[in-house]
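So the structure is just underneath, and the comments pick up after that.
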Amino acid sequence: MTSSAKEAEQLRAELLEHNYRYYILDDPRVTDSEYDRLFRQLKMLEDADPSLITPDSPTQRVGAKPSSKFASVKHRLPMLSLDNAFSEDEFRSFHQRLVGRLRSENVRLDDADATPGQELAYCCEPKLDGLAVSLVYEKGLLQTALTRGDGYEGEDITVNIRTIPTVPVKLRGHDFPDVLEVRGEVLLPKAAFAEINRSAEAAGEKVFANPRNAAAGSLRQLDPKITASRPLEIFIYSTGYLSNEADWPDSHYERLTRLRELGFRINAEIALVTGVDDCLAYYDAFATKRPELPYEIDGIVYKIDSKAIQQKLGFVSRSPRWAIARKFPAEEVQTRLQSIDFQVGRTGSVTPVARLNPVLVGGVTVSNATLHNMDEIARLDARPGDDVILRRAGDVIPQIVSVIPAPASERGEPVAAPTHCPACGADVVREEGNAVARCSAPLSCPEQRKYSLTHFASRRAMDIEGLGEKVVEMLLDARLVDTAADLYTLTTEQLETLDRFAAKSAAKLVDAIAASTGAPFNRVIYALGIREVGETTARLLAKAFRSMAALRNADQTALEAIHDIGPIVAGHVVEFFDQPANLEVIDRLAAAGVTMAEPEDAATGAGDVSPGGTQEPGPFAGLRVVLTGSLETMTRDEAEDRMRALGAIPSSAVSAKTDLLIAGAKAGSKLKKAQTLGIKVIDEEELRVMLAPFV
Ligand code: IVH
């Protein structure tokens, strides 16, 4: 070994040790600047001689290039979910059930003489509100990191996971099995979440509803550099597959201790307790501590500590019998209702919004809450000056659950329904039997235009990077655009007249707009913002009509003939294409080169609809199908394409929504899951029979 190789090895070992002390033990031995010095020294050696770089080097966390999609990989052991308990009683009965079951199976509990029901050891853990991941180490090196996915198959996010400083890339010591899988939760601390949302808001981008979404969004980035820029953390909460399972302690708690020694970050609050009362006390203590924790938790997880007992108890459907999550009730706070304003949405709906004295609830500062419609205001009898009780549960937007009226003498008047649009002054109409009031000027109302343009440019629609709400607002204010079609004639010179744009950023936006002309037909339909036409309906319409010309001419009957499209949505589509102003925009989009049809070479079949005609629904129309196992007479892609052409919606994961599973040879967990869920299963031969008439 050369002297620089030795020096690099020495530096790597030192840096890994400092990382461990800093992130895992919370007990650093060197200053940050000393750490940086060592890091830079290693980087210098590696830059001078790249052959010195090893995959576990601390300099290599963000090495990988952005990818275009995540590969799907099977879990060695399924990743299950937890059953919930919502009260003390539910937890007690969970415990009683377990004790009863274990007694009836003559399982010896630790202390047979103890008070009945008090003898089981539980590991109590905060239920972290992040994203579950599985990390697999081979010979001590991080090999694969997967999301939970459907529990049986997850997405390969290894390059992104590597960027999280609290994830060891290499295990400590030498005493680890050849294959070691651990499971844990990736999360974003509350403060980092607030910061990300603050800058997203400033940039006119979409804000995340909660830290869990923000963590998931950060982790599922195709470019690991973006993941690396988010201060994600990890806590490991269990072992997974172990190639030397028998050598591990029976106690889950002791296993966690072992994992900590190997370099994993284990939550310091985890405690081993005996009996129900201590479990309940643990929960109570956390209910108080929760607001002060730097990260979000949504309950307490109780796990029977003994692996042997866990194994005896086994699973029912997707959850283990030996564990339960006791959820915290949704947090509620009281605050003052300052006023009630009206906002115009993308589809012209005029909704009342409660303006509140800012208040912290569930880790997020809330100053607005929707009141839905006039009926809701009347039901609550909410008036400015009253106090309101706000509830925020999980990712649900804060709800006003009740009103505490101000003293009669100080109470304001009930808020009247608006007669004119707050954005453009046009009449507000409220259809008979419909709670929603709407602005009657969809194309000229500036607020609606802002929403429809932002939607048009959004990631899942035309995906025009850099065209968020703020930029749309500037373009509208400067009268550079009126409708989506105007985007395609924007020039860099025009953009440069705006505050926010320099030559480079202007060119970038013009390029992004030009690139969006290639968005697939279904996303173009979605981008139009037709009422109640979401991504799935847009996909159905694209598949069925195949071109904008055919879709424009479709009548109510032709639309309703499509499986999953009902009379209301069909009505909205017809109404949209009845408006000359909309047709003009579409013609101009077509002239700009925006995709207006499905690709020519895509297979056609009986699921198709002739323009304006009625549909003969094929055997697969609207069916959600999953293919598993291997096929002999065709490839899986081919089978999927042929079914898709007949109206099927193929997907890779089995869920309660799946209509049909095609099980080829050696079908495994998906088949089992489909059987458990009572989903119809056919084999390759039956599939061929169904496809045969359409060759
Ligand atoms: S144990 C079979 N422990 O909760 C055991 N899960 O509903 C399953 N979670 O997907 C996991 N904190 O994302 C476990 N201390 C903890 C946890 C935890 C959060 C999440 C995890 C899992 C979900 C289960």
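Order of listing sets the numbers, starting from 1, for every ligand and every atom in it. All figures in this text were calculated on a predicted structure; none of them were measured in a lab.
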- [ ] Before accepting this row, confirm whether a basic side-chain N of the pair R523/E535 lies closer than 4.0 Å to the acidic partner's carboxylate O.
- [x] no
Which protein N or O atoms sit under 3.5 Å from any N or O of ligand 1? Give each pair with its distance.
{"from": "ligand 1", "atom 1": "3 (N)", "to": "K303", "atom 2": "NZ", "distance (Å)": "3.0"}
{"from": "ligand 1", "atom 1": "4 (O)", "to": "K127", "atom 2": "NZ", "distance (Å)": "3.2"}
{"from": "ligand 1", "atom 1": "7 (O)", "to": "L82", "atom 2": "N", "distance (Å)": "3.1"}
{"from": "ligand 1", "atom 1": "12 (N)", "to": "L128", "atom 2": "N", "distance (Å)": "3.1"}
{"from": "ligand 1", "atom 1": "13 (O)", "to": "E185", "atom 2": "OE1", "distance (Å)": "2.6"}
{"from": "ligand 1", "atom 1": "13 (O)", "to": "E185", "atom 2": "OE2", "distance (Å)": "3.2"}
{"from": "ligand 1", "atom 1": "15 (N)", "to": "E125", "atom 2": "OE1", "distance (Å)": "2.8"}
{"from": "ligand 1", "atom 1": "15 (N)", "to": "P126", "atom 2": "O", "distance (Å)": "3.4"}

TODO: Would you check if L187 and L232 make a side-chain contact, meaning some heavy-atom pair closer than 4.5 Å?
DONE: no
- [ ] Answer yes if the side chains of S134 and R148 hold a donor-acceptor pair under 3.5 Å, and no otherwise.
- [x] no
TODO: Consider only side-chain N and O atoms of Y283 and D278, and report whether a donor and an acceptor are under 3.5 Å apart.
DONE: no
Open item on the list: Do the side chains of K289 and E292 get close enough for a salt bridge, i.e. N-O under 4.0 angstrom?
Closed with: no
- [ ] State whether a side-chain donor-acceptor pair under 3.5 Å links S306 with D250.
- [x] yes
